[in-house]
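Quick note on labels: first sequence line is chain A, next is B, and so on, each numbered from 1. None of the values given here were measured: they were computed from a predicted structure. All values below were derived from every heavy atom in this structure, side-chain atoms included, with hydrogens, water molecules and symmetry-related copies excluded.
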Amino acid sequence: MQERREKTESQINTDLLSAMLDNHLWFWIVLAGLGLVILAGAAAAGYMFDRGLGVTGLNRPVFWGFFITNFVFWVGISHAGVMLSAILRLAQAEWRRPATRAAEVLTIFSLATALIFPLLHTGRPWRVFYWVGLPILPYDLSRGIFQNVRSALLWDPSAIFTYLTSSTLFVFIALVPDLAVARDRTTGWRRALYATLALGFRGNARQWRLQAIAGILLSALILPVFVSVHSIVSWDFAAAVSVEGWHQTIFAPYFVIGAVHSGVSGVVTAMILMAWLFKWQDYIRPEHFDALGRLLIVVATAWFYFFFIEFSFGLFSQEPSEIALRQTQVFGQPWGWMYLTFIMASYFIPVPLWMFRRVRRSLVLMFWTTILVNIGMWLERFLIIVPSLMRKQGLTFVWGDYNPSPIEVLLVAASFAVVLGGVLLFSKIFPLIPIYDAKEGKYIEAEIQVGRRTVPAVIREE
Amino acid sequence: MAEPQVDVKWSMVVDIDKCTGCQACVVACQSENNVPISTQELYDQRRQMTWIRVERYWEGDFPDVKARYIPIMCQHCDTAPCEPVCPVFATYHNNEGLNVQVYNRCVGTRYCANNCPYQVRFFNFWEPVWPDSLKNQLNPDVTVRSRGIMEKCSFCVQRLRRSERDAAQNGDDRPADDAFDPSHGAFAPACVRACPTDALVFGDANNPNSRVASLAHSDRRYHLLEHLGTEPNVIYLKKIDPEAGDGNHE
Amino acid sequence: METTSSESNGHNGHHRHMPEIGEYTAQVANEEIRAWFGAPGSWHGKALFVAGALLVAGIVAFVIRASSDGFDERGPWAYYAAGFAFLLTTVGSAPLVSVALRMSKAHWRRGLSRLSELFAISSIFMLIVYIPLPFMLPVVDDRPSLWINWHGHAPHIYDSMLLVTTVLCGLAILLIGARPDFAALKHETKGIRRWYYSIIGGNWKGTKKEWQRLRAAQGVLGGLYFMMLIFTQLIVSSDYALALIPGWKDSIYPAFYSLTGLQGALAVTLIAMFWVRRTGLQRYISLDQFWGLAKLLLATSLLWFYFWWSGFFVFWYGRSVAEVGVLEYMIKGAYLAPFLGAIAFSFFVPCFFFLIWNPIRKSIRGPAIAATIVMLGIMFSRVREYVAAFSIPKGMVGSTHIEGILGTNTPDAIDILLLLGILGGSAFFYLVALRIFPAVNIWEQREFTLLRKVRPYFKRYAVVLGKPD
């Protein structure tokens, strides 16, 4: 922890508001590039709505493909927000501080992006209101029939909308003190915006107490939602008795821990980008990546344990169709190559590297290893969804295959652009590192003398 | 939904021993139910639609190869895996034992198709088109489906409804079993009517005098993928070939 | 509330609130822990007598069962197997608490690490209990299995090897961590104690290199123990429970079993802490330790429901013939009573009556009572799973689903005595271990006095904790 550099509070304000208030050329160029990709995606979606789902590579029996894979992937990424903010806040982990806001914002944008995909993938998206209309708009009861509450596809939007609402609230509550700082330092439309959103926050004792209580309460209340979201996503698959590779009891915790794995990796990638782009190396320090790296080793290994059980118990009862599925996954091409890539990328390359302190403290290496994890985790979802559908039950006559079409690839690419562009735009309007949190951290830092050595310490009230 | 309870349970028996794999049922079904034409292009895309299909399996090694046929259509399961998963109730079980697809409700999540172990649910990936010469061939009793929705075998529900009207006119409370016997009546599903070897038998399983009810107690009976516990209303009868397998490809 | 014996006097002259436990010196820690170790009190002898009596009763019951039923049938040994599985998920997993807290660098682990590691001695008793079980396991040809067939005996050999390795690994952690203490103690003792203190403490001098090696060994052995234990639990649960019940293809079960292992490890450690604390050492086994473990116990108890529900839900929604059969047998039918006991005592009662309430969680007695209830819940779980598995008729093992309705294997007097003997035996081993090893790690406490300071902070006092790495 030798990297700590003393900063005054006004210096902290200036540093952390710079991304918002200073104009950078690269920002607009990147945003324009992402905008182009999003436009291309929108065009692809329009073409697909016009012509029908025939323009995808979906077929019988592979009725779900890239879209659902991408949906699961983004829901997975969204699990980083709560994992880092809520759990680490409750556990009083000091190193969470610069990471929380980025994680929460990533949660919001990836959840919103994830929500688009089930809608894109329906046959008649203009009728989707009858499926997910309820959470937003009053339901059309004139048809005399309600949605089917037995369907996992109804629990899905319910859980995701709940999660989206609560994490938006979570971000907002943590933003209030920072908005007050921004309000006092800006003019024009920004001042009007921040003044409205800051809700008259002046930093008196009562306001701080309310803000802290709200944060802790939301942290605790959001945890069950956090666990339920990916569990329910996993039950989209596990509830299907007919698909051997899906119908596994381990799926709920397996998906949740996998989501945390890919989510925390996503946050690390985002934090490194922030440190590079906004020059925040004084706030996002190697010690944070050291701690995140150690957390990632634990999460990745827990995930691998669940993966191992999932795979081996597929073979446990030695049913022919289950064995056929595993053969396709591991030895059939091109699935076998993907499988190898997935295992190596999400576990066997990054985790041994993270064992070294020097790797954990290197921004470049952490950047590439966490990207690797997410490539692997995307493939994981793909390899769960598609080969299982290809080898459904024992009716070998109708076993199938799947090749994604350019339209699907384009839409997946556009989803990455949406999330990146969203976070970038957010950074232009709101501070991406919690200013008050950075200051609060300074007050509980201390040092003690042990013999001749000075040891960093934390202060704990009792 | 308070539908009146009726004492009818539609059921079909498929005698594998009699099936020659001639595909007459497939063609009959196609024209009766306005199923889009399965062109070579659609086959290449794996998006062909055949509400009933004849699966062909090879048994044995060359030169002692035998072809085995098994017609598979919607099994109208009593505990159908496809039903609970539909978020908009587009598919549900009606009080006559039929697994019903309501086209207007369907939004096309395709979850039902994933959860059907028999792969007898079909999705309209494209808007269906017919050549001009076939426009007048479409059956006026059956909806022409649009793209983006699921469809599947309905046990020719339009024929069942006609048989019920016929019975009501005659003052009976349930259609006579004869009405579903291809040699007597006109109301059997198209595939049953078309089957030249009488391999398909259709009727009311709750009527103890029906052919279906008596065949259903055969000691050759089995259900497809029985271990899934879906309780299908389609009953298969094993082949009587002493050298053959049981025709149950699990 | 019990008061803590220390020089902290609540309030001092400046009206600043002092932490409950003030600063203390390494010397104080050294003397207090040694004093308790030298003379723990008369309760120890009494407890040893009760545990010994139970153990003897259990041995008698074992002999009766063996002579009347032999080892050919699994049914009569069902409760014995449940007892073994109970041990594996409680005392057999207990060193995990120390290992996991050391890995996560929780500063409050120091008060309880020895108490948790001491269960490695009880694990020796678990190994003894295990001896007859492999002989009752069917060969893999006749049943589902994770193993590639190796003369049909792969699980028998590998299960046993893994179990022995895990127990040895736990013992190694205990002995390596005890070396500095033994080296310090050996000069003050005579006779047999001096002899084995010298062997284990050896030529420990306390050089920098020795400390580095000690920490490295603790890290490596901890990681190894973690993996070995999880893997042992995985295959013991799959070979001795899952594989025997037709149609129970439940991939979450090994993970669920390991989770209850963690839950049980926390619970036995809490119980040991509670009883030791009643007779002294309150400064080291303090509220911090109880509070910390109570939070983890709450988390594992909530996860208990999540894991159970994940497994149940998929079976219930799937409704395949095999799944319905398992649910009918293990939840609705023959094992309804133990199932209700498990869900009540592993999840509902400890969570909602005890641990979610802040004042109860942050107390000494609350977590200890909750831990006792959790132990009961784990016993019910093991009875439900292992008795159900061992009671499946021989001919049915390996078929695809349960046929017909199976009855309940209710315990008779011998079964109860066997279970009591298993409990008593592990307690007996633990009580003996308390006389061999100091109940609190002396060197870890001495280290802690260097890193823990009490300092004024604005208007009050606060504890400052050094984090050297």
Side-chain angles (χ1 to χ4, degrees), chain A residues 49 51-64 68 118-119 121-132 143-157 236-237 239-243 246 319-321 385 388-389 392-402, chain B residues 1 42 44-50 53-57 69-70 72 79 81-92 102 104-128 146-150 224-225 227-230 248-250:
Chain A
F49 289 165
R51 304 296 298 276
L53 281 177
V55 301
T56 65
L58 299 171
N59 59 57
R60 191 170 61 89
V62 187
F63 285 103
W64 290 359
I68 299 299
L119 310 191
H121 111 125
T122 54
R124 302 201 288 183
W126 52 91
R127 290 216 167 206
V128 133
F129 174 70
Y130 294 118
W131 168 20
V132 291
R143 302 193 317 156
I145 191 166
F146 194 67
Q147 291 131 310
N148 182 4
V149 289
R150 295 179 301 169
S151 169
L153 284 192
L154 199 69
W155 315 332
D156 246 350
D236 289 351
F237 306 105
V241 69
S242 313
V243 191
W246 291 1
E319 289 159 36
S321 47
I385 293 171
S388 303
L389 286 174
K392 214 164 81 175
Q393 295 298 333
L395 303 172
T396 53
F397 190 76
V398 279
W399 282 1
D401 204 352
Y402 171 72
Chain B
M1 275 155 289
L42 284 176
D44 289 345
Q45 296 175 353
R46 295 175 172 279
R47 289 168 184 163
Q48 76 278 15
M49 293 201 204
T50 48
R53 66 170 177 266
V54 180
E55 294 196 353
R56 182 259 305 121
Y57 292 96
Y69 300 102
I70 177 168
I72 295 181
T79 56
C82 58
E83 287 167 6
V85 299
C86 175
V88 290
F89 270 122
T91 182
Y92 74 101
V102 186
N104 271 336
R105 286 181 195 157
C106 181
V107 298
T109 66
R110 308 190 287 293
Y111 198 4
C112 54
N114 280 345
N115 213 7
C116 173
Y118 308 102
Q119 303 203 14
V120 288
R121 294 186 146 264
F122 302 89
F123 183 69
N124 286 274
F125 284 95
W126 304 106
E127 189 75 39
S146 63
R147 77 172 153 90
I149 61 172
M150 299 300 306
L224 212 50
L225 303 178
H227 65 277
L228 292 176
T230 51
N248 184 2
H249 294 276
E250 286 179 38

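Only the side chain of A/Trp246 has a heavy atom closer than 4.5 Å to any heavy atom of chain B. Within the 4.5 angstrom heavy-atom criterion, no atom of A/Ser388 approaches chain B. Contacts of A/Tyr402 with chain B are absent, with no heavy-atom separation under 4.5 Å from either backbone or side chain. In this structure, no portion of A/Val62 lies under 4.5 Å from any heavy atom of chain B. With a 4.5 Å cut-off on non-hydrogen atoms, B/Val120 does not touch chain A at all. Proximity to chain B involves both the backbone and the side chain of A/Leu58, based on heavy atoms less than 4.5 angstrom apart. Interface remark: B/Thr230 contributes no atoms to any contact with chain A (heavy atom separation under 4.5 Å). With a 4.5 Å cut-off on non-hydrogen atoms, B/Pro81 touches chain A through its side chain but not through its backbone.
Contact tally against chain B (heavy-atom pairs below 4.5 Å) for A/Val149, A/Asp156, A/Thr56: the top residue is A/Thr56. Contacts with chain A were tallied for B/Cys106, B/Cys82, B/Ala90, B/Pro117; B/Pro117 has the most, counting heavy-atom pairs under 4.5 Å. If you tally non-hydrogen atom pairs under 4.5 Å between each of A/Gly54, A/Gly52, A/Gly400 and chain B, the highest count goes to A/Gly54. Interface remark: of the candidates B/Ser146, B/Cys116, B/Pro87, B/Pro87 forms the most heavy-atom pairs closer than 4.5 Å to chain A. Between chain B and the residues A/Ile68, A/Leu154, A/Val243, A/Leu389, the most heavy-atom pairs under 4.5 angstrom are made by A/Leu389.
Residues A/Leu395 and B/Tyr57 are in side-chain contact: their nearest non-hydrogen atoms beyond the backbone lie under 4.5 Å apart. Taking the side chain as every heavy atom from C-beta outward, B/Gln119 and A/Gln393 never approach each other to under 4.5 Å. Using a 4.5 Å heavy-atom cutoff, the side chains of B/Val88 and A/Arg127 are not in contact. At a threshold of 4.5 Å between non-hydrogen side-chain atoms, the residues A/Arg150 and B/Phe89 count as touching.
Taking all atoms of both residues into account, the shortest heavy-atom contact from B/Arg110 to A/Phe63 is NE-O, 2.9 Å. Closest approach of A/Arg60 to B/Arg53, counting heavy atoms only: NH1-NH1, 3.6 Å. Closest non-hydrogen pair, A/Asn148 versus B/Cys86, comes out as ND2-O, 2.8 Å. Taking all atoms of both residues into account, the shortest heavy-atom contact from B/Leu225 to A/Gly394 is CD2-N, 4.5 Å. Annotation for A/Lys392 and B/Asn115: closest pair NZ-N, 4.5 Å, computed over non-hydrogen atoms.
Ring-plane geometry between A/Trp64 and B/Tyr111 is classed as tilted, the angle between the planes lying from 30 to 60 degrees on a 0 to 90 degree scale.
In this structure, B/Thr109 has no side-chain hydrogen bond (donor to acceptor under 3.5 Å, both in side chains) partners at least two apart in sequence or on a different chain. Scanning for side-chain hydrogen bond (donor to acceptor under 3.5 Å, both in side chains) contacts around B/Arg47 gives B/Gln45, with sequence neighbours left out.
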Let's go through B/Phe123 and A/Leu53 carefully: what are the C-alpha distance in whole Å and the side-chain angles of both, what is the deciding distance for side chain to side chain contact (heavy atoms under 4.5 Å, CB included) to 0.1 Å, and is it a yes or a no?
CA-CA 10 Å; B/Phe123 183 69; A/Leu53 281 177; 3.6 Å; yes
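Distance CZ/B/Arg147 to CZ/A/Arg124: 10.0 Å, rounded to 0.5 Å. Rounding to the nearest 0.5 Å gives a distance of 11.5 Å between CG of B/Leu42 and CG of A/Asn59.
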